[in-house]
Number of protein chains: 2
Amino acid sequence: MRQPATIKDVAQIAGCGVASVSRVLNNTGPASAEMRDRVMAAVNELDFQFSEVGRSLQSSTTRTIGCVVPSIANPVYADAVQGAQDVFLPAGYQTLLICTNYDAEIETQAIRTLIAKHVDGLVLTVSDPETSEALAFIESRQVPHCLLFNMAPTNHTSWSVHDQAAAGRVADAFAENNHERTGFLALKFLSSDRARQRYNGFVEGCARNGMRKPALLEIDESNEDLTDLLGAFLQDNPGITGIFASNDFLALAAIRSARELSLDVPGDLSIVGFDGIGFGSMVMPSLATIVTDPRMLGGGAGETVLSMINGTAAPQTPSPDQTFHFRAGGSLVPLVAESKDDGKVAAFPPSSNPTRKISKSNRRDQNET
Amino acid sequence: MRQPATIKDVAQIAGCGVASVSRVLNNTGPASAEMRDRVMAAVNELDFQFSEVGRSLQSSTTRTIGCVVPSIANPVYADAVQGAQDVFLPAGYQTLLICTNYDAEIETQAIRTLIAKHVDGLVLTVSDPETSEALAFIESRQVPHCLLFNMAPTNHTSWSVHDQAAAGRVADAFAENNHERTGFLALKFLSSDRARQRYNGFVEGCARNGMRKPALLEIDESNEDLTDLLGAFLQDNPGITGIFASNDFLALAAIRSARELSLDVPGDLSIVGFDGIGFGSMVMPSLATIVTDPRMLGGGAGETVLSMINGTAAPQTPSPDQTFHFRAGGSLVPLVAESKDDGKVAAFPPSSNPTRKISKSNRRDQNET
DNA sequence: GGAAGGTATGGAAACGTTTCCATCGTGAGG
DNA sequence: CCTCACGATGGAAACGTTTCCATACCTTCC
């Protein structure tokens with residue numbers, strides 16, 4: 001990498017001091033027209049551009065924001081990052097992106113490096129805001145920052161879906177459709193405070209609606225064997241007619257697994273997801289889910305950080321019920337009275353009752369129409 | 001933001017010169033055990049951490065890589081970025097992410113800034129590698145870089161799907177299924193060399209298979225009216241039985257639009273996508289498509305850049321036919337003889353009945369269900 | 001005992017900026 | 001004619017590192 005021209009080179013060619021070059025180029029301080037011309041000529045000749053690192057050292061500002069999320073393979077985070085960077089870029093800030101892969105160790109390490117690199121602010125989703133070492137460090141260094149998809153501890157601000165309230169809404173939806181026994185399906189339950197919040201909210205919501213406490217099905221990375229796990233889960237917890245998956249991916253995977261188990265969705269089993277990814281409304285049956293707006297949240301977090309940097313008033317964070325809404329879909333239907341009377345039969349294994357038959361033929365119709 | 005401790009503060013507390021602190025902390029040069037202890041004590045007392053910007057100025061290295069893609073809302077790019085950063089992070093490099101939103105102006109501007117920030121390398125997808133101002137600038141500054149999803153001009157290296165060959169494979173697939181008249185559906189045809197490569201490859205493949213030259217349906221941003229556009233397109237180009245969409249999103253949207261037009265997929269119209277996003281195999285009918293591995297490509301581009309930086313041998317870029325494979329799916333079926341005899345009727349309008357009326361009423365049904 | 005060589009250490013230059021301050025004209029006002 | 005103010009300009013310090021070099025001390029060997 002050829003070393004680029006510096007302000008000294010420009011000064012030499014223009015036959016002036018470096019101070020004059022700086023003044024001309026930054027339009028700070030006086031300069032004669034003739035001086036301007038000479039400097040500009042030299043700049044063009046050398047194709048000169050300021051080194052931001054020299055500048056940063058002097059100004060102790062980098063026009064760079066750190067952005068830390070678990071993974072952008074998950075479209076929720078991808079959209080959020082996109083939303084944030086769409087705010088930062090026009091404001092003259094670039095984004096240093098870190099994907100932690102849900103690893104707290106990487107999270108801590110990367111954030112220390114970001115701060116060493118002197119980012120002007122941070123937008124981040126941590127694995128556990130209450131215990132996060134990284135978060136404590138950020139606080140001790142007083143770096144402007146805003147959480148994303150985390151419940152904010154005191155003294156922090158956050159743009160986040162109110163997971164608990166949203167999960168409660170899902171419980172309401174099941175109740176409205178006469179479901180009484182449900183399950184909660186989660187991935188990486190332990191390493192994600194989001195999944196836990198959703199579980200808590202769902203449990204609470206079920207209780208509020210006089211439903212049974214939902215059974216918990218927790219899986220880890222490999223979703224290869226989801227079908228087996230789901231089968232065993234339904235056998236261990238007979239009578240379950242509805243499953244709340246902690247995100248839409250899981251919900252769609254669950255639908256597929258249910259089919260492999262010869263269960264009809266929603267005939268035998270209703271399924272509700274979380275996040276509201278676009279595909280949810282393109283599949284058959286369409287996915288009932290909690291719709292969120294990750295892009296808006298990312299953008300909001302970005303605005304908040306910018307306002308902290310500029311000392312302007314921070315934008316309001318959204319009120320809990322503005323962060324989500326329930327979207328009905330074909331994957332959640334009312335439980336008909338007869339199945340409710342005999343939930344066990346309706347759920348697993350599917351009996352030879354008419355429900356399943358109808359749904360089967362329905363599905364075939366859809367494929368072949 | 002409180003200003004953090006510097007090496008001078010450490011030196012002062014440890015009662016030594018800054019050079020000793022640097023030597024101890026970096027393990028470069030000799031130091032007595034006692035000196036080590038004093039320095040370490042001071043470091044812990046101050047919670048000292050080197051400023052990377054001071055370091056960068058001295059070493060002219062930033063341990064930062066620029067990564068430029070159109071948008072990470074598109075999972076193809078999101079996965080590629082993830083793949084690249086999964087290579088960079090363990091190697092000690094962080095990633096400055098720029099999403100250009102397909103805007104060449106932003107692309108140029110952002111890349112200049114990245115270079116001003118002295119990134120050690122670049123991984124990038126440009127809008128047009130042949131004319132890209134940014135690419136020329138990168139070359140003039142001799143920054144290690146690797147293209148991604150772009151055909152590499154001479155003197156550049158690239159990790160990319162061989163779009164043209166892949167599109168040719170799609171033509172083969174249509175031919176194998178007896179389709180003879182096809183259409184090509186593209187978004188932002190003009191601002192993406194990828195779409196053009198795919199079109200060219202498809203045209204070529206169709207010719208090779210003795211098929212008609214595919215008709216081109218080009219749409220821009222808003223896919224709201226895709227249904228109308230598709231309807232008009234099929235009417236203007238009667239006899240079309242297959243559509244190749246330049247990406248899976250479009251393909252899925254086309255399937256939906258076809259349904260709204262009362263066309264059956266694949267009965268009346270076969271559709272093939274491109275990219276192989278996971279959802280393609282979860283929908284009914286499953287999507288026939290070209291499967292690619294964006295994560296692998298991003299990772300490969302990352303490795304290439306690292307090897308350029310380290311002066312080690314660059315990893316081989318994959319051979320064209322390793323970058324994709326065709327995945328059969330329910331959205332592409334053989335054209336039966338009778339339809340082939342009378343393609344016009346089988347395709348659009350589906351029969352002699354008042355097509356418009358049916359599609360209209362169908363659409364209304366969907367809205368209100 | 002003195003020279004030679006090694007280890008431990010600190011001062012200072014350099015990296016590329018910005019900005020304070022001093023210098024030098026020059027035109028205006030007394 | 002002298003002063004004053006102000007515009008134009010350049011030198012130099014400062015930002016936080018690393019590293020070269022000089023110095024000081026301690027062994028070791030002739």
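Residue numbering restarts at 1 for every chain, and letters A, B, ... go by the order of the sequence lines. The figures that follow rest on heavy atoms only: side chains count, while hydrogens, waters and symmetry mates do not. The shown structure was predicted, so the numbers you read here are calculated from the model rather than taken from an experiment.
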Salt bridge flag under 4.0 Å for residues B:Arg141 and A:Asp47: yes

Side chain to side chain donor-acceptor pair (under 3.5 Å) assessment of B:Lys117 paired with A:Thr64: CA-CA 10 Å; B:Lys117 284 188 178 168; A:Thr64 302; 3.0 Å; yes

Heavy atoms of other groups near A:Gln12 CD, more than 12 under 6.0 Å: no

Phosphate OP1/OP2 of C:dG10 contacted by B:Ser20 side-chain N/O (<4.0 Å): yes

Terminal axes of the helix from C:dG1-D:dC30 to C:dG30-D:dC1 (five pairs each): angle between them, nearest 10 degrees: 70°

B:Ser132 side, atom OG; B:His156 side, atom NE2 - distance, nearest 0.5 Å: 8.5 Å

Between CD1 on residue A:Ile111 and CG on residue A:Leu135, distance to nearest 0.5 Å: 7.5 Å

Listed nucleotide nearest any side-chain atom of A:Ser22, set C:dT19, C:dT9, D:dG7: C:dT19

Nearest-nucleotide 5' precedence on DNA chain C, B:Glu34 against A:Val21: B:Glu34

Rounded distance (Å) that lies between atom P of D:dG11 and atom CD of A:Gln12: 12 Å

Write out a two-atom table: protein N or O, nucleotide N or O from nucleotides 20-27 of chain C, distance below 3.5 Å.
none

B:Asp163/B:Arg196 ion pair, N-O < 4.0 Å: no

Separation between OG of B:Ser160 and CG of B:Leu297, rounded to the nearest 0.5 Å: 7.0 Å

Value rounded to 0.5 Å, distance of CG in A:Leu97 from SG in B:Cys99: 9.0 Å

Nearest-0.5 Å distance that lies between atom CD in A:Gln94 and atom CG in B:Leu114: 4.5 Å

Protein-nucleotide distance (A:Arg63, atom CZ; C:dT17, atom C1'), rounded to Å: 16 Å

Sugar-phosphate, base or nothing in reach of B:Ala31, heavy atoms under 4.0 Å: sugar-phosphate

Can you check nucleotides 13-16 of chain D for protein contacts, nitrogen or oxygen pairs under 3.5 Å, and list what you find?
{"unit_1": "D:dA14", "atom_1": "N3", "unit_2": "A:Gln58", "atom_2": "OE1", "d": "3.4"}
{"unit_1": "D:dG16", "atom_1": "N2", "unit_2": "B:Gly54", "atom_2": "O", "d": "3.4"}

Ring-face cation contact, A:Phe149 with A:Arg194, 6.0 Å cut, 45° max: no

Flag side-chain contact, heavy atom, 4.5 Å: B:Pro318 against B:Trp159: yes

